[in-house]
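One structure below.
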Amino acid sequence: MKAAEQTRSLPQRPIAQGIAEHPGQTGVRLLSDAGEAYAARAALALAAERTIDALYYMWHADETGHLMLEALWGAAERGVRIRLVLDDATTEGMDQVIADLASHPNIEIRIYNALRWRRYRLLNAVTDFHRSNRRMHNKSFTIDGVATIVGGRNVGDEYFASGEGTAFADLDVLAIGPAAADVSAMFEAYWHSASACPSDAVVGPASPGAGERLRAAFTANHAKEETVAFLARQRHVLLEPLVRQLIWTDARLVYDDPVKTLGGPARPESLLLTRLLDAIGPPRASFDLVSSYFVPASEGSATLQNLASRGVRVRVLTNSLESTDVGVVHAGYAKRRRELLRAGVQLFELKRGWGQRRETEGLGRSSGASLHAKTFALDGQHLFVGSFNFDPRSARLNTEMGLVLDSPRLAHDLGLLFDAGLSLTTYAVRLAEDGKRLQWIEWTPDGERRHDVEPGTTVLQRLGIWILSRLPVEWLL
């Protein structure tokens, strides 16, 4: 066996050993560090021996996006079968890259819910709104049916903290064992869905020289200073140590049936929310929710208020107006704050500039950071990690997925974040003494500071959010 082949096979040994030593359980490791999340995907691609199945809402053709495409191409070159499903809402400008990749005999790409108007994309909202408004929001990266990464991250620089723009604070989970097999089965459902179309029927076949164009693009990407610096920061992350640090537990995959995006009424039992409730039931003591796009709407707000009235401790972390990347979504959340606070729900909003550090692990200051994670802990026993936002779009329009982990240790860790880890990174939103006005409490080295308007915002921003919150668009958010 060649040295390179030996290097590739090494991670498979602890994977197989761990599965054998923990029958019926799944080994999991949370990936909160953006660089580690990228490196884990790259390491899985290198370790793949038979298949790589990837399902993504968004895959940018930027520095890290090209690095991951290069990882797929390299695996295909050594005989691994690659299947990639991309939602068409975010493929603008990528037709050439998609066609070139799909020209490889070991790579198949399908476009999910392809847009009818690809050049003038806004026309889809006018002529085909009901269908084009429903998207595949899933995110999974699976090798050989035994190891997978599931969570909130798409593929692109902002998700892996590369470059100088916004860095998303996000969360994935590396899972080894039965849960990975379940993700593989889910992938088959999406791959064979009526919404998934072979890429050549959408973007056309590649023109001559596809392989040469891709290799030139990969070479040019490696010559960029940003790429060199990014890769240098990830060289310490190896798959084998990650596998040896797994927590072995029961894990259940929940996901929406892809029929949801066809526009017809989906059976309740085929929806993620129904499957999620069946898997864990309602909270009895505590519910800690992290949601980047938190739009509870009337139904969700009533549910959270009811939980709080029954003595359940409900805590929510979401973006502040100054940190959100989607202002209209904040409008859907802002209109519900007072009623939630009056019911006893605790609200925390992430400050701008607090997210993934670019140099080290953990939460730290950056030039522009926004929360993108979707996770919650229930009763200190169960942890959910996935793509599901607590909003009407995730519940009714888009397809979503995630893993429910029966792990008191991991659920406890999220609880600790609320207990002691938010003082420097968030504002606590409270009602003033009159029970009407909102206040934002900021903890600083000099003590507690109170803001009577949303911190870091302008009058025009706040006016815009107020106007948006009055429009009947909540069901779209």
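What you see is a predicted model, and the numbers here were worked out from it, not measured in a lab.
- Atom CD of E448 sits in a crowded spot, with more than 12 heavy atoms from other residues, nucleotides or ligands closer than 6.0 Å.
- Residues E188 and R83 are in side-chain contact: their nearest non-hydrogen atoms beyond the backbone lie under 4.5 Å apart.
- Without hydrogens or angle criteria, T91 side chain to D87 main chain gives no donor-acceptor distance under 3.5 Å.
- In this structure, R336 pairs ionically with E339, as a charged nitrogen and a carboxylate oxygen lie closer than 4.0 Å.
- Not one N or O on the side chain of N389 forms a donor-acceptor pair closer than 3.5 Å with the backbone of S394.
- Taking the six-membered ring for Trp and the full ring otherwise, the centers of Y38 and F230 sit less than 6.0 Å from each other.
- L371 pairs with exactly one of D325, L171, N319 by the side-chain contact (heavy atoms from CB on, under 4.5 Å) rule, that one being N319.
- Few gaps surround CZ on R462; more than 12 heavy atoms of other groups in view lie less than 6.0 Å from it.
- Side-chain contact annotation: K374 with S292, donor-acceptor N/O pair under 3.5 Å present.
- Atom CZ of R449 has 12 or fewer heavy atoms from other residues, nucleotides or ligands within 6.0 Å.
- From N138, atom CG reaches atom OG1 of T399 across 4.0 Å, with rounding to the nearest 0.5 Å.
- Counting only residues at least two apart or in different chains, ring pair (Phe, Tyr, Trp, His ring centres under 6.0 Å) contacts with residues 452-471 are absent.
- Residues N113 and D88 fail the side-chain proximity criterion, which asks for heavy atoms closer than 4.5 Å.
- The backbone N or O of L321 sits nowhere less than 3.5 Å from a side-chain atom of T324 that would complete a donor-acceptor pair.
- A cation-pi arrangement is absent between R153 and F160 under the rule of less than 6.0 angstrom and at most 45 degrees off the ring axis.
- Summarising the geometry, atom CD belonging to E70 is positioned 10.0 Å from atom OG1 belonging to T227; distances are rounded to the nearest 0.5 Å.
- Annotation for R284: atom CZ does not count as buried by contact number, only 12 or fewer foreign heavy atoms lying within 6.0 Å.
- Screening T64, D172, N154 for a side chain to side chain donor-acceptor pair (under 3.5 Å) involving Y159 leaves a single residue, N154.
- Of the N and O atoms on the side chains of N398 and R134, not one donor lies less than 3.5 Å from an acceptor on the other residue.
- Side-chain N/O atoms of Q305 and S301 include a donor and acceptor closer than 3.5 Å.
- Residue L122 qualifies as open at atom CG: its count of foreign heavy atoms under 6.0 Å is 12 or below.
- Of all heavy-atom pairs spanning A147 and I176, the tightest one is CB-CD1, 3.3 Å.
- Counting heavy atoms from C-beta on, the side chains of L403 and L253 come closer than 4.5 Å.
- Of all heavy-atom pairs spanning W59 and A54, the tightest one is CZ3-CB, 4.4 Å.
- When all heavy atoms are compared, the tightest approach of V345 to V316 is CG1-CG2, 4.2 Å.
- For residues 404-414, every residue pair satisfying the side chain to side chain donor-acceptor pair (under 3.5 Å) rule, not counting sequence neighbours, is listed here: R252-D406, H382-D406.
- Using modelled atom types, one side-chain atom of R275 and one backbone atom of Y255 make a donor-acceptor pair closer than 3.5 Å.
- To the nearest 0.5 Å, the span separating NE2 on H60 from OG1 on T90 amounts to 7.0 Å.
- Within the 3.5 Å criterion, the main-chain N or O of T458 finds a donor-acceptor partner in the side chain of Q461.
- A donor-acceptor contact shorter than 3.5 Å is absent between the side chain of D452 and the backbone of Q439.
- Side-chain atoms of R135 come within 3.5 Å of backbone atoms of S132 as a donor-acceptor pair (strictly under, hydrogens ignored).
- Considering only heavy atoms from C-beta on, V453 stays 4.5 Å or farther from L438 through its side chain.
- In terms of modelled atom types and a separation under 3.5 Å, the side chain of D144 and the main chain of V146 share no donor-acceptor contact.
- Distance alone, capped at 3.5 Å, is enough to place a donor-acceptor pair between the D379 side chain and the S286 backbone.
- Residue-environment remark: CD (E299) stays at or below the threshold of 12 foreign heavy atoms within 6.0 Å.
- When all heavy atoms are compared, the tightest approach of L347 to Y333 is CD1-OH, 3.9 Å.
- When every heavy atom of K260 is checked against every heavy atom of L397, the shortest pair comes out as CE-N, 3.8 Å.
- A donor-acceptor pair under 3.5 Å is absent between the side-chain atoms of K351 and the main chain of E349, judged by distance alone.
- The shortest non-hydrogen separation linking V254 to L272 is O-CD1, 3.7 Å.
- Within a 6.0 Å radius of CD in E433, no more than 12 heavy atoms belonging to other residues, nucleotides or ligands are found.
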Output, in order, the C-alpha distance, side-chain angles, deciding distance and verdict of side chain to side chain donor-acceptor pair (under 3.5 Å) for E454 and H330.
CA-CA 12 Å; E454 298 195 60; H330 187 83; 3.2 Å; yes
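- Between F287 and F376, the gap from one ring centroid to the other is short of 6.0 Å.
- Geometrically, R110 engages W191 in a cation-pi contact, judged by NZ or CZ lying under 6.0 Å from the ring centre and within 45° of the ring axis.
- Between the side chains of D170 and H372, at least one donor N or O lies within less than 3.5 Å of an accepting N or O.
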Show the numbers, then the answer: is there a side chain to side chain donor-acceptor pair (under 3.5 Å) between S323 and S320?
CA-CA 5 Å; S323 70; S320 63; 3.2 Å; yes
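- Between H22 and W248, the distance separating the two ring centers is shorter than 6.0 angstrom.
- E400 and S387 are linked by a side-chain donor-acceptor pair at a separation below 3.5 angstrom, with hydrogens and angles left out of the test.
- Checking N133 against R393 by side-chain atom types alone, a donor-acceptor pair falls below 3.5 Å.
- T303 and N306 share no side-chain donor-acceptor pair at under 3.5 Å.
- Between the OG atom of S195 and the OH atom of Y112 there is a distance of 4.0 Å, given to the nearest 0.5 Å.
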